[in-house]
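Notes to accompany the following structure.
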Amino acid sequence: DEIREYARGVVETEIEKHAADGLGRVDYALANGGAAVVRHSDPYDMRRGKLFSLSPGNGVHPNADKMLKPSFGEPGQCFPLKGSSGFVQIKLRAEIIPEAITLEHVAKSVAYDRSSAPKDCRISGWLQGRNTDSLIDTEKMFLLAEFTYDLEKSNAQTFNVLSSAGSGVIDTIRFDFTSNHGSPSHTCIYRLRVHGHESDSVSMMAIES
Amino acid sequence: DEIREYARGVVETEIEKHAADGLGRVDYALANGGAAVVRHSDPYDMRRGKLFSLSPGNGVHPNADKMLKPSFGEPGQCFPLKGSSGFVQIKLRAEIIPEAITLEHVAKSVAYDRSSAPKDCRISGWLQGRNTDSLIDTEKMFLLAEFTYDLEKSNAQTFNVLSSAGSGVIDTIRFDFTSNHGSPSHTCIYRLRVHGHESDSVSMMAIES
Amino acid sequence: DEIREYARGVVETEIEKHAADGLGRVDYALANGGAAVVRHSDPYDMRRGKLFSLSPGNGVHPNADKMLKPSFGEPGQCFPLKGSSGFVQIKLRAEIIPEAITLEHVAKSVAYDRSSAPKDCRISGWLQGRNTDSLIDTEKMFLLAEFTYDLEKSNAQTFNVLSSAGSGVIDTIRFDFTSNHGSPSHTCIYRLRVHGHESDSVSMMAIES
Ligand SMILES: [K+]
Ligand SMILES: [K+]
Ligand SMILES: [K+]
């Protein structure tokens, strides 16, 4: 009976986590929460011959926000960039102290081909504020994480922020991938999440304690 | 081995329930099933400065039906109303004998802030039929449920219909909230469901038995 | 402890499968993967009186692809055809050796009515290639499966391809239903999936070994 209770408890906890966006962690890069892609390397047109038009002002592809939305286990719910290296820059929902990054690709069991998954990755972050200048002093950028996306592990892989980043406040991140898992033509980004806590709740906690 | 069978059974049942709209109960307030929001108190514009236009005829916001659709554990999949009290009126898919009401908010683990959740709530229901007059004789209204949405419990909370409602047939409900969990500016409704059974299937059962 | 490990393992495996499109099997009929409905029998208009317009060229209803997309346990996420018999023809994402077919209807626990589910079904397949002629030599068609959709079983039912189909390569299938579960007016198709493996990966494996 004790074991039955235990089994039921495990099931409920795991399903609750699954129902809570898969990980049960707050995501400050969620499009629906107000985050947005602000820059990216050249997109790849999956349907060859079909031209897409970039919004004139900023050069952000209308589908770029796909990488800031849930994929619900469906192949194709991603944003493809040209070649095997590239980058994406994301304005977060709020100023936060980052704690971890999650990179998600489609699950092995339903994928047609996973050679377009990013492989060697680097995440940096900074506080852009109202500064609209896209060139940021590199001294103000933090290296948040460097990792390799592993096709043999779970499809959503979470990496803790390096302790060297201290507890710097950021509102923007840049995701660079320098290789992928074999596709010469393109690299697909299913979803990128940024976990952490809001910087002003930290100050408030400091004041309260 | 008996225990293994048990564990597998629990898992399958719970995942099946999860896959069946989270609760595995029929929802007569589902937008996709033909239900619709017909009236509501003042909406709140999340993106300040951005005007939205109400459809001229009836004053129902184009996004109001978000509260009659699944949220899939995603923050922001809700309809926001101004202030800490307000109401929503919903035409159901069919005439039913109501059995229970479910109010859902975003899960704690992925929420940025849950102060916008409704707190003290009251649900009433009546048979509107083809009567297009929005003023209904209050004698014909049933009080279906009064409850407090509890932030510490599961994010989808189900409340049984009061026995005082008897087995009155309804096709419309009104959801009033008189307080929320702290936000002075707005209250978010993620999803409201109405469970029960169709009134004519009842008559048919009566005839059959 | 061994049993606890076992329980946790079962839970993780089942949730992973659930998260991977419910079945954890590749679907070559997925709209998002490039498949498309190319022909179908007369559609049924759920909202009577509201006319829909067929795209002039090919007569495919704009909503037909709903049957090649996930339903997420929601009633109404289907494509309705007139009457209790009819057909659908689907161009697959790629040339494949088919292994199994999955027909999905809405789960019993959340359905208003399941009399519109298909009952007696037959799936055939062939290699259409660039042949735009809709009349295919019946000698080139394979009978892939004949089955009855059972309302008492799981809502997604998978049927293996008949061994008589050999390992013929196909890129198009036709789904015929000759009866449904009681509705005289229409038959709803929630989702049809085609599982298998790509024919050129087979040749490549042959070369490698
Ligand atoms: K996505
Ligand atoms: K919703
Ligand atoms: K569907």
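Every chain is numbered from 1, with letters handed out A, B, ... down the list of sequences.
- The CD atom of A/E14 sits 5.5 Å away from atom CD of C/E12, with the distance rounded to the nearest 0.5 Å.
- No side-chain heavy atom of C/N32 sits under 4.5 Å from any side-chain heavy atom of A/P75.
- At a threshold of 4.5 Å between non-hydrogen side-chain atoms, the residues A/S109 and C/K17 do not count as touching.
- For chain A, no part of C/H195 is nearby; none of its heavy atoms comes within less than 4.5 Å.
- Residue C/Y6: no heavy atom, backbone or side chain, is found under 4.5 Å from chain A.
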**Report entry** Stepwise side-chain contact (heavy atoms from CB on, under 4.5 Å) test for A/V110 and C/R25
**Finding:** CA-CA 5 Å; A/V110 296; C/R25 281 187 88 158; 5.9 Å; no
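- Interface remark: C/R8 contributes backbone and side-chain atoms alike to the contact with chain A (heavy atom separation under 4.5 Å).
- Side-chain atoms of C/D21 never come within 3.5 Å of backbone atoms of A/G73 as a donor-acceptor pair (strictly under, hydrogens ignored).
- For the set C/V26, C/V10, C/I15, the entry with the most heavy-atom pairs within less than 4.5 Å of chain A is C/V26.
- No donor-acceptor pair under 3.5 Å is formed between the side chain of A/Y112 and the backbone N or O of C/Y28.
- At most 12 non-hydrogen atoms from other residues, nucleotides or ligands lie less than 6.0 angstrom from CD of A/E16.
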